[in-house]
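Single-structure report; data block below.
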There are 2 protein chains.
Amino acid sequence: MNEQIQTLCKEHNIKLTTARSLILEVLKRASHPLSYEQIKDKMNASMDKATFYRNIALFEEAGIVHKFESDDRKWYFELSGTTHAHFICEHCHQITCMEVDLGKVEGEVKSIVLKGLCKECHQ
Amino acid sequence: MNEQIQTLCKEHNIKLTTARSLILEVLKRASHPLSYEQIKDKMNASMDKATFYRNIALFEEAGIVHKFESDDRKWYFELSGTTHAHFICEHCHQITCMEVDLGKVEGEVKSIVLKGLCKECHQ
DNA sequence: AAATTTATGCAACTTAGTCGCAAAGGATCT
DNA sequence: AGATCCTTTGCGACTAAGTTGCATAAATTT
């Protein structure tokens with residue numbers, strides 16, 4: 001029953017149920033984006049995937065959570081924060097966060113994903 | 001029977017079959033990344049999706065073609081060229097190419113995907 | 001406490017992409 | 001040319017992440 005999570009939901013008019021609390025607590029502890037499988041494994045309780053995805057969709061609409069696709073055909077989720085970039089390594093599939101200076105861009109940028117080989121895999 | 005396509009395949013030790021020629025010609029004419037469905041529709045002949053994906057995988061390994069995922073759970077393909085970024089609009093799903101200056105990054109960056117709202121959809 | 005709304009879980013479904021296998025197409029050798 | 005071998009193609013079955021319908025459960029309202 002995290003204080004920050006309660007206020008976060010209250011701010012966005014989202015009722016805080018058990019399922020929602022479980023998802024948000026995992027995301028809050030995470031240091032990088034996680035997939036459904038990864039989030040499920042980090043929860044102390046079981047949750048149906050339909051419940052998970054429906055609540056994630058709710059969070060997304062509210063702007064609390066942000067998602068993007070990696071190159072393994074899975075979606076990765078994280079709490080919205082500062083717009084930072086993710087580097088996905090094509091070899092080891094590790095996702096790391098990084099800062100990128102974009103300069104001026106027309107429109108609104110919500111996510112930046114770089115793919116390639118991380119420094120370890122690139123030798 | 002494009003001259004450039006023939007030399008491209010010869011350079012990478014890839015035998016130029018009818019199917020491969022069809023795929024590469026569509027990609028060569030394209031001004032932005034295309035999905036399997038889009039490429040199929042632009043071809044004058046029919047092609048099985050297994051054939052398509054197998055040849056695309058071959059092109060990828062050779063470094064001729066580059067792919068990435070949009071937010072519609074589809075892969076988009078384009079001929080490899082200069083490392084440029086793609087902006088995917090979450091609202092109208094249009095993909096546009098843009099130049100981004102990254103500065104120095106450790107490892108090797110192969111693709112950059114920005115998501116958000118394009119200037120039209122952002123008003 | 002009954003009625004209404006909202007959230008959850010199960011199972012069936014959707015769909016982009018993959019895989020096994022047999023047939024077709026080329027290349028090579030005698 | 002004909003026989004043999006290897007590669008490519010197409011068909012159909014399969015895979016798996018994510019979605020949807022529907023019935024039940026849990027809140028919320030009256």
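Proteins come first, then strands; the chains are lettered A, B, ... in the order of their sequence lines, and each starts at number 1.
Atoms CD1 (I39(B)) and C1' (dG17(C)) sit 14 Å apart, rounded to a whole Å. Rounded to whole Å, atom P of dT8(C) lies 11 Å from atom CE of M43(A). Across the protein-nucleic acid pair, I14(A) atom CD1 and dT8(C) atom P stand 12 Å apart, rounded to whole Å. Atom-to-atom, CG of D71(A) to C1' of dG17(C) comes out at 14 Å; the value is rounded to the nearest Å.
Pairing each heavy atom of C89(B) with each of C118(B), the nearest pair is SG-N, 3.5 Å.
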Taking protein heavy atoms under 4.0 Å as touching, what does nucleotides 8-18 of chain D look like 5' to 3' if B marks base contact, S marks sugar-phosphate-only contact and - marks none?
SBBB-----SB
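Remark: E106(A) CD is loosely packed, at most 12 non-hydrogen atoms of other residues, nucleotides or ligands lying under 6.0 Å away. The environment of NE2 in H91(A) is sparse: at most 12 heavy-atom neighbours from other residues, nucleotides or ligands sit within 6.0 Å.
Hydrophobic cluster membership of F52(B), counting Ile, Leu, Val, Met, Phe, Trp and Tyr whose side-chain heavy atoms lie under 4.5 Å apart directly or via other members: I5(B), L8(B), I14(B), L16(B), L22(B), I23(B), L24(B), V26(B), L27(B), L34(B), Y36(B), I39(B), M43(B), M47(B), Y53(B), I56(B), L58(B), F59(B), I64(B), V65(B), W75(B), F77(B), L79(B).
Remark: the backbone N or O of S35(A) is paired with a side-chain donor or acceptor of Q38(A) at under 3.5 angstrom. A donor-acceptor pair under 3.5 Å links the side-chain atoms of R20(B) to the main chain of K15(B), judged by distance alone.
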